**Q** 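Next up is a structure, given as structure tokens.
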2 protein chains.
Amino acid sequence: MTEGEPPLGLRERKKRETRAKLVKIAIRLAAERGLENVTVDDIAAEAGVSARTFFNYFPAKEDVILHADPDPIGQTRRIAAALLAAPAGLSPVRAVAHAMRPYIDEVDDDRDQWLARITIIERDPALMVRMFATHKESERILVDAVAERTGLDASGDFYPMLLFKVVGGAMQAATQRWHELGGSVRLAELFDAAIETIAAGLPVPVGTAVLEGKT
Amino acid sequence: MTEGEPPLGLRERKKRETRAKLVKIAIRLAAERGLENVTVDDIAAEAGVSARTFFNYFPAKEDVILHADPDPIGQTRRIAAALLAAPAGLSPVRAVAHAMRPYIDEVDDDRDQWLARITIIERDPALMVRMFATHKESERILVDAVAERTGLDASGDFYPMLLFKVVGGAMQAATQRWHELGGSVRLAELFDAAIETIAAGLPVPVGTAVLEGKT
DNA sequence: TGAAAGTTTGCAGGCTCTGCAAGATCCTCG
DNA sequence: CGAGGATCTTGCAGAGCCTGCAAACTTTCA
């Protein structure tokens, strides 16, 4: 799946190093004072490159915080493929959740990095905006996949888009709650709970540990 | 409900006029060439005011397109109140939908303005999210209201936030589809269909006119 | 080793947005 | 009606983001 770790020359190594350094510094500074109080110059200077170079790596300042994944489209395609490959018995909602699972696990595995990121994002709405702005293309791919799996028409039917947006909402809610809990439970657990609640038609919860307080 | 239409001096009249002119011009220009190809100077010049004045009316360029409502917090509070006042028999999802209903009807009543707005927003996705991922403040108010209605704890329980985000997703999906259909059906109808589907646990649709294609 | 390919950087410049202070306009009250 | 005060508008300066462009530099590869 992961494409390559072949030769990997000096040039490529340096680039990754610089990129990683920019991300790391940016996250640290933004965690300290909020992204809006950190200029591109600050980040670039501390990384020992020019501000112009910063923009060779990231199209916008916000992306240094958000854009951990260098290839979001590829990731989306993989989710779409997983969706189509999911067990036939799964309902659409559960199938989508199942397809997203590996990426949610990744968040749990990189817990601290993600918690830091989310803290920064919560503090600066501009990041929230940019986070979803990129996703036009991804959205289409996933909606198409849902349509294919359900035998509906991506552009003519409402259902695929609705499902996509609803699961997106669940994802957001789970992420936010996870952050509130300081990552003390797995994101996957919260997400699963959200999906089950949705699959049940969002009834008022009664005695569900994860949905209610820690108890 | 609408607070006042008392005296209304010249000054206030002029301000509203300027504001309205800016909005109108901005929407027209953005519809023609996309918001990113319209500068604040363009808008201000055509409205006969300085660019500096533009920023006295709108905190950011995007707000001239989105910020139709001068008091989003007040509107949010009204939705929250309506949520608590909704018939006791309604399930949480339906109660929220019920509370939002008046504002959805407003969109239908101002159909063309909104279609134009959404066209612009669709072309510049950053605006889409900003539209719903409104202010943290609004979110808190609504989540609190959901918590109160369901007898849960807004900060300790997951359910209120989840419900809020899911309904937000439904709203987005409905809006997008409404725009695709060129407003040929009422947004309210699409929204209701979305809510019913969610209340049913998002089953694959069968023979539902609104959810499937026009047939 | 030397050309080809890829990177970094400074520079110029466009654009968004903010504070500030001067000037124009409206409103209120005597 | 005519101050005097309140409110708006505007120009200006300046910080910041971001983009081409071309020169200088580094890595790669034949």
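Predicted model, so just to flag it, every value in this text is computed and none were measured.
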**Q** Under 4.0 Å between a Lys/Arg side-chain N and an Asp/Glu carboxylate O for B/Glu139 and B/Lys165?
**A** yes
**Q** Within less than 4.0 Å of OP1 or OP2 of C/dT7, is there a side-chain N or O belonging to A/Lys15?
**A**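 A/Lys15 to C/dT7 OP1/OP2: side-chain N or O found under 4.0 Å.
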**Q** Roughly, in whole Å, what's the span from CD in A/Glu62 to C1' in C/dT16?
**A**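 After rounding, the gap between these two atoms is 13 Å.
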**Q** For B/His98, does the NE2 atom have more than 12 heavy-atom neighbours from other residues, nucleotides or ligands under 6.0 Å away?
**A** no
**Q** Over how many whole Å does the gap from B/Arg13 atom CZ to D/dC8 atom C1' extend?
**A** 16 Å
**Q** Look at the side chain of B/Ala60 and decide which nucleotide, out of D/dG11, C/dT9, C/dC17, has an atom nearest to it.
**A**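 Of the candidates, C/dC17 comes closest.
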**Q** Is there a side-chain contact between B/Thr39 and the phosphate of C/dC15, meaning an N or O under 4.0 Å from OP1 or OP2?
**A** no
**Q** Taking the side chain as C-beta and beyond, is there a heavy-atom pair between A/Val96 and A/Ile195 under 4.5 Å?
**A**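 Not touching, per the 4.5 Å side-chain cut-off.
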**Q** So, are B/Glu180 and B/Arg177 salt-bridged, with charged N and O less than 4.0 Å apart?
**A** yes
**Q** Quick test of your reading of the model: are A/Glu122 and B/Lys136 salt-bridged, counting only N-O distances below 4.0 Å?
**A** yes
**Q** Measure from CG on A/Asp41 to C1' on C/dC11 and round the result to the nearest Å.
**A** 14 Å
**Q** Does B/Ser50 place a side-chain N or O at less than 4.0 Å from the phosphate oxygens OP1/OP2 of D/dT10?
**A**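 Yes, such a contact exists.
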**Q** Closer than 4.0 Å, any side-chain N/O of A/Tyr57 to the OP1 or OP2 of C/dT8?
**A** yes
**Q** Check the distance between D/dA15's C1' and A/Glu36's CD and give it to me in whole angstrom.
**A**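 After rounding, the gap between these two atoms is 14 Å.
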**Q** Base, backbone or nothing for each nucleotide of nucleotides 21-30 of chain D, written B, S, -, heavy atoms under 4.0 angstrom, 5' to 3'?
**A** B----BBS--
**Q** Side chain of A/Phe55 only, please: which of C/dT9, D/dT9, D/dC17 is the nearest?
**A** D/dC17
**Q** Report the distance from atom CG of A/Asn56 to atom P of C/dT9, rounded to the nearest whole Å.
**A** 9 Å
**Q** Using a strict threshold of under 4.0 Å (side-chain N to carboxylate O), is an ion pair present between B/Lys21 and B/Glu17?
**A** no
**Q** Looking at A/Asp42 and A/Arg33, does any basic side-chain N land under 4.0 Å from a carboxylate oxygen?
**A**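 Yes, A/Asp42 and A/Arg33 are salt-bridged.
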